[in-house]
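Worksheet: the structure to be examined is printed underneath.
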Amino acid sequence: PIADIKILGLHDEFTVFSTIALSNLSNNLVNDLWELAKQVDGWGKIQLVDRLAEMELNNEIRDWLVLEGYKNSIMYEYLALTCAENGMLNEKLNAQSIDDNLYSSAGDIIVALMDEGPAVGMSGYDDSSETIENFIKHSKARNLNISNYITLHRIKDYLEESPEENETLKKWNQNDLSNCLIDINELLNSKDWTTEVQIALKSSDNV
């Protein structure tokens, strides 16, 4: 019956009901929920990841939360904070160097955390300043593409918001904030982006 429940759970309307059934029947609930979460991408995934995040997770699942867990077809904002905290994003960005997949996912999560509204984001994230500082540090070590440029520009806009209007920035060390903006401006001005913008606009990538 567990295999059948997982199949039913693939339909967005039944994911939550399947999760409850698995909770009552499974001998390895974390793994069963994770398997299901990897195969859905709507509201069902959002609810599944939220439930999964409350459990005892191994490193493989924590890695998945940061690399894939936050991705859904509704809005990344709904899972950004959950995956940043439970996937230990800041700890991962504290490393000396990171691979392209983690760099790209970290950018997605940071941008989603800054877009507060549908869900709590940066205002509820204790590691906000360190995570952004670490992301900028890793940006310096990369050959940036137009997607990275857009992410960094979005971070720049966020950091330039008035601290009176942005409670999160009030908590930052203002010296660290200034250094982040200096570093981002240097990165954004590190080359002429005109050609890359023109190529991107003509590409088949809608985003």
Please check if the side chain of [X] supplies one atom and the backbone of [Y] the other of a donor-acceptor pair under 3.5 Å.
| X | Y | result |
| --- | --- | --- |
| T82 | D50 | no |
| E130 | S128 | no |
| E77 | V111 | no |
| H153 | L188 | no |
| N148 | N145 | yes |
| S104 | D100 | no |
| K191 | L144 | yes |
| N72 | Y70 | yes |
| K71 | D41 | no |

Requested in this report: Using ring pair (Phe, Tyr, Trp, His ring centres under 6.0 Å) as the criterion, list what pairs up with Y125, not counting sequence neighbours.
Outcome: none
Query - Pairs flagged by salt bridge (charged side-chain N to carboxylate O under 4.0 Å, His left out) wherever residues 114-124 is involved - sequence neighbours left out - result: D115-R154
Query - Candidate pair N185 and K156, rule side chain to side chain contact (heavy atoms under 4.5 Å, CB included), full reasoning - result: CA-CA 8 Å; N185 279 312; K156 174 180 181 282; 2.8 Å; yes
Requested in this report: Quick one: closest heavy-atom pair of K140 and D183, and the distance?
Outcome: NZ-OD2, 3.2 Å
Report task. Mind running salt bridge (Lys or Arg N to Asp or Glu O under 4.0 Å) on K92 and D63 for me, showing each step along the way? Result -> CA-CA 9 Å; K92 289 174 170 54; D63 289 347; 3.1 Å; yes
Query raised in the report: F135 vs Y103 aromatic rings, parallel, tilted or perpendicular, using cut-offs 30° and 60°?
Result: parallel
